[in-house]
Amino acid sequence: MPLRIIGCVYVLSAIWCTLMPELAAQGLGLSWTEPHGKVEFLSVYGGLQLGLGVAMFWLSMRPKLLFGGVFFAAIFSSVLAMSRLIHVLMAPMHGMLLALLVLEVAIALYLLWYGRRLTS
């Protein structure tokens with residue numbers, strides 16, 4: 001169930017970023033001056049998040065694959081959280097980035113805890 005919920009969060013974020021890219025980018029402090037910048041934003045914030053979310057959701061419904069899905073998601077989420085933490089510490093503080101950092105750290109810690117619980 002936890003992997004399913006996190007997968008849904010990624011899918012919802014992907015939908016928001018795809019349907020309202022200007023608003024989503026503005027909230028993150030991003031802007032693009034060239035059309036290919038928007039393509040990159042839509043690919044990563046829309047496409048990549050959608051792929052991760054669908055994979056997490058699908059794996060959450062496959063008992064034999066659940067641990068592998070949680071393990072993958074925990075590694076991905078931990079690296080994402082650590083990367084954001086490092087970069088947030090090197091840049092001026094921004095409310096949306098700090099909120100995402102808190103969310104990503106919470107997701108990573110929860111997945112690490114849940115993965116540990118699955119193995120015991």
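Computed from a prediction, not measured in an experiment: that's the story for all the values here. Computed over heavy atoms, backbone and side chain alike; hydrogens, waters and symmetry mates excluded.
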All heavy atoms of Met56 vs all of Tyr10, minimum pair found to be CE-CE1, 3.8 Å
Is the backbone of Ala74 close enough, under 3.5 Å, to the side chain of Ser78 for a donor and an acceptor to pair up by distance?
-> yes
Using atom types as modelled, flag every donor-acceptor pair under 3.5 Å from a side chain in residues 97-116 to any protein atom, sequence neighbours excluded.
from, atom 1, to, atom 2, distance (Å)
Glu104, OE1, Arg84, NE, 2.6
Glu104, OE2, Arg84, NE, 3.3
Glu104, OE2, Arg84, NH2, 3.0

Side chain to side chain contact (heavy atoms under 4.5 Å, CB included) assessment of Leu3 paired with Leu59 | CA-CA 8 Å; Leu3 194 59; Leu59 289 167; 4.2 Å; yes
Which pair of heavy atoms, one from Gly27 and one from Met96, lies closest together, and at what distance?
-> O-CB, 3.0 Å
Sub-4.5 Å side-chain heavy-atom contact between Met90 and Ile86 = yes
Answer yes or no: are there more than 12 heavy-atom neighbours, outside Arg62 itself, under 6.0 Å from its atom CZ?
-> yes
For residues 28-48, the ring-ring contact (aromatic ring centres under 6.0 Å, His included) pairs (sequence neighbours left out) are Trp32-Phe41, Phe41-Tyr45
Residue pairs involving residues 49-88 (criterion ring-ring contact (aromatic ring centres under 6.0 Å, His included); sequence neighbours excluded) | none
Partner residues of Glu22 under the side-chain hydrogen bond (donor to acceptor under 3.5 Å, both in side chains) criterion, sequence neighbours left out = Lys38
Residues that Arg4 engages under side-chain hydrogen bond (donor to acceptor under 3.5 Å, both in side chains), provided they are two or more places apart | Ser60
Partners of Ile15 by side chain to side chain contact (heavy atoms under 4.5 Å, CB included), sequence neighbours excluded?
-> Val11, Leu19
Write down the atom of Cys17, the atom of Leu42, and the distance for their closest heavy-atom approach.
-> O-CD2, 3.6 Å
Are Ser31 and Gln26 side-chain neighbours, meaning at least one heavy-atom pair lies under 4.5 Å?
-> no
Could you tell me whether the side chain of Ser77 and the main chain of Ala73 form a donor-acceptor pair under 3.5 Å?
-> yes
